[in-house]
S.K.: 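If you scroll down you'll find the structure; I have some questions about it.
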Amino acid sequence: MTGTSELDYRACAAAGIAVLQRWYSRRTGLWRTTGWWNAANALTALIDYTQRTGDPTYAWVTGRTFRAARWRRRHFLNRFFDDNGWWALAWLRAYDLTGDERYLAAARRIFADMVSGWDEVFGGGLWWNRDRRYKNAITNELFLAVATGLHRRSPGRDRSYLDWALREWEWFDAVALVGPEGLVNDGLTADGANNGRPAYTYNQGVILGGLADLYGITGDRAYLRRGESIADAALQRLTGPPDARTPGVLSEPGESDIIGRADDASQFKGIFVRYLGRFYADVPRPEYRDFILHNARCVWNSRNAENQFGLRWAGPFDRADASRQTSGLDALIAAVAVTS
C-alpha cells in the first residue's frame, strides 16, 4: 500500500479503524484518550467507514455506544450546545446505516434541546453553552447541519426543521461570520461582530454540509456557490505553501503549538475533509478530489509502524490518540468515497 501506484484506500482505512478500536471501551461505549464530543466524531467515522466500505466488522459498535454512553450523559446532552450537535449528527448517520428509529428519535431530542440555546441577542443564533456568554460559528453550523439533516430524513412530516435551517443560515450570513479572507472565523465579539479569531479547519467543513443540504432541499445553487467560496479559501489559505516540505497538505491554525500534546484541535482537520468529500458529491470539481487524495496519501505515508496517525499529516509523527486517529481516518474514508 505504499508503492507509487494509487493507494488501496479501503485497505488503509481498515488498518486505521482497527487501530482506533484499540482505544474503544465496551464498558463506557467511548474511546479512551479523548473527550466526549470527540467520541461522537469517532462514532461518525466508524459509521461512515461501515457504509462506505460495506465492511460490517464494527457495525455492532453503534448499538453498544448508544446503550452504554447514555449513562454518562442522559440523552447525550451536556451544557455545550456544540457537543450535543456532534452527537445528533452521529445518530443521524446511525439511522442512515441501520434504519433504527431510536437513533432518529435521539437526534430529534437533541435538536429540541439545541433550540433552547437560540435567542435574539445579536439578532439570533445559538450560544456556545448554557452560560450564554459567547456565540460562535461551530455551534451554529452544527445547528444548521442537524436541522437540514432532520428535514431530509422527515419528508413531508415536519417543516419546522427546514424553517430553523433557513433562519439559521440567514442569521449566520447576516452577522458575517465569514471574514474578509473568505474563511469562517471562530465567533462573535461581545458587541456581535466577527471576532477575527482563527479560522479553524472544522469551521470551514461543517458549513459545507449544511449548505449542500440546503441546495439538495431547495435546488438553489447559490448555496453551493457560497460553499465553493469557503472551500476554495480553505484550500488556498489553510494548506502548506509551495515551498513547504509537502505542499498542499491541510494545516490547522496554531498547529505547531499543539504538537505532542492532547488538544481538541487534533480532531478538526478530519472533519473538514469529511465534509469536503460530501460537498464533492454535489460539486465534483477535480481540485477537491485531488486535495482529498493528496491528504489521504500523506496521512498514510506519515503513520508510524503501528498504523497510528499523528497530528501533522505531512509528518513527522508526533503522538497517538483516538482524536488524531479519527481525524486521519476521516481523510482516508473520504478518499474511499471519491474513488468509488
Side-chain angles (χ1 to χ4, degrees), residues 34-41 73-90 109-149 164-211 226 230 233-234 237-238 252-255 257-258 261-269 271-272 275 323:
T34 199
W36 173 248
W37 77 270
N38 310 87
N41 278 280
R73 298 281 190 273
R74 189 168 183 262
H75 302 309
F76 304 96
L77 297 171
N78 69 8
R79 59 190 292 270
F80 293 92
F81 293 112
D82 57 339
D83 287 11
N84 302 338
W86 292 118
W87 280 102
L89 291 177
R109 182 187 290 271
I110 293 169
F111 182 80
D113 182 79
M114 293 179 79
V115 168
S116 71
W118 180 285
D119 65 18
E120 294 308 311
V121 174
F122 312 137
L126 261 70
W127 295 98
W128 176 38
N129 60 32
R130 299 186 196 281
D131 293 342
R132 296 177 179 261
R133 296 177 180 172
Y134 184 43
K135 288 191 174 181
N136 64 347
I138 194 61
T139 306
N140 284 280
E141 292 180 34
L142 289 164
F143 187 63
L144 172 63
V146 176
T148 58
W164 272 115
L166 295 170
R167 188 177 179 185
E168 170 61 59
W169 171 247
E170 181 180 4
W171 174 81
F172 193 98
D173 192 30
V175 296
L177 277 164
V178 179
E181 293 189 333
L183 296 170
V184 181
N185 294 111
D186 190 65
L188 300 179
T189 67
D191 296 324
N194 185 318
N195 63 15
R197 287 174 58 183
Y200 297 114
T201 56
Y202 75 159
N203 277 334
Q204 322 314 314
V206 176
I207 195 67
L208 298 182
L211 290 171
R226 288 302 303 276
I230 294 169
R237 299 182 181 279
L238 298 179
E252 193 63 43
E255 187 168 280
D257 296 332
I258 60 174
R261 66 179 177 86
D263 192 281
D264 274 353
S266 63
Q267 189 95 57
F268 293 176
K269 292 186 295 187
I271 293 168
F272 172 75
Y275 281 100
S323 175

S.K.: Taking the side chain as C-beta and beyond, is there a heavy-atom pair between Glu141 and Phe172 under 4.5 Å?
M.R.: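 In short, these two side chains touch, coming nearer than 4.5 Å.
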S.K.: Side chains of Phe143 and Val115: does their closest heavy-atom pair fall under 4.5 Å?
M.R.: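 Yes - at least one pair of side-chain heavy atoms lies under 4.5 Å apart.
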S.K.: Return the set of residues passing salt bridge (Lys or Arg N to Asp or Glu O under 4.0 Å) with Arg73 (not counting sequence neighbours), or none when no residue passes.
M.R.: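 So Arg73 forms no salt bridge (Lys or Arg N to Asp or Glu O under 4.0 Å) with any residue.
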S.K.: Can a side-chain donor-acceptor contact be found between Trp37 and Asp264 if the only test is distance below 3.5 angstrom?
M.R.: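 Looking only at side-chain atoms, Trp37 and Asp264 do form a donor-acceptor pair, the distance falling under 3.5 Å.
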S.K.: Any side-chain heavy atom of Trp164 within less than 4.5 Å of one from Phe111?
M.R.: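 When only atoms from C-beta onward are counted, Phe111 and Trp164 do touch, with a gap below 4.5 Å.
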S.K.: Could you tell me whether the side chain of Lys135 and the main chain of Val121 form a donor-acceptor pair under 3.5 Å?
M.R.: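 A pair under 3.5 Å: yes.
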S.K.: So which heavy atom on Phe122 is nearest to which on Trp171, and how close?
M.R.: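 So the two residues come closest at O-NE1, 3.0 Å.
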S.K.: Using modelled atom types only, decide if a donor and an acceptor are shared between the side chain of Asn84 and the backbone of Asn78 within a distance under 3.5 Å.
M.R.: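 The answer is yes, because a donor-acceptor pair under 3.5 Å joins these two groups.
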S.K.: Taking atom types as modelled, find out whether Asn41 and Gln267 have a side-chain donor-acceptor pair closer than 3.5 angstrom.
M.R.: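 There is no such pair between these side chains.
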S.K.: Only counting residues at least two apart or in another chain, list the ones meeting salt bridge (Lys or Arg N to Asp or Glu O under 4.0 Å) with Asp263.
M.R.: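 Partners of Asp263 under the salt bridge (Lys or Arg N to Asp or Glu O under 4.0 Å) test: Arg261.
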S.K.: Who passes salt bridge (Lys or Arg N to Asp or Glu O under 4.0 Å) against Asp113, sequence neighbours left out?
M.R.: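 Residues passing salt bridge (Lys or Arg N to Asp or Glu O under 4.0 Å) with Asp113: Arg130.
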S.K.: List the atom pairs, donor and acceptor, that lie under 3.5 Å between side-chain atoms in residues 175-186 and the rest of the protein, sequence neighbours left out.
M.R.:
| residue | atom | partner | partner atom | Å |
| --- | --- | --- | --- | --- |
| Asn185 | OD1 | Asn194 | ND2 | 3.1 |
| Asn185 | ND2 | Arg197 | O | 2.9 |
| Asp186 | OD2 | Tyr134 | OH | 2.6 |

S.K.: Return the orientation label for the Phe268 and Tyr200 ring planes: parallel under 30°, perpendicular over 60°, tilted otherwise.
M.R.: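 Ring orientation, 0 to 90° scale: perpendicular.
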S.K.: Hey, could you give me each pair passing salt bridge (Lys or Arg N to Asp or Glu O under 4.0 Å) that has a residue in residues 164-179? Not counting sequence neighbours.
M.R.: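 Sorted pair list: Glu120-Arg167, Asp173-Arg226.
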S.K.: Please enumerate all residues that pass salt bridge (Lys or Arg N to Asp or Glu O under 4.0 Å) together with Asp131, with sequence neighbours excluded.
M.R.: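 Here the qualifying residues are Arg79.
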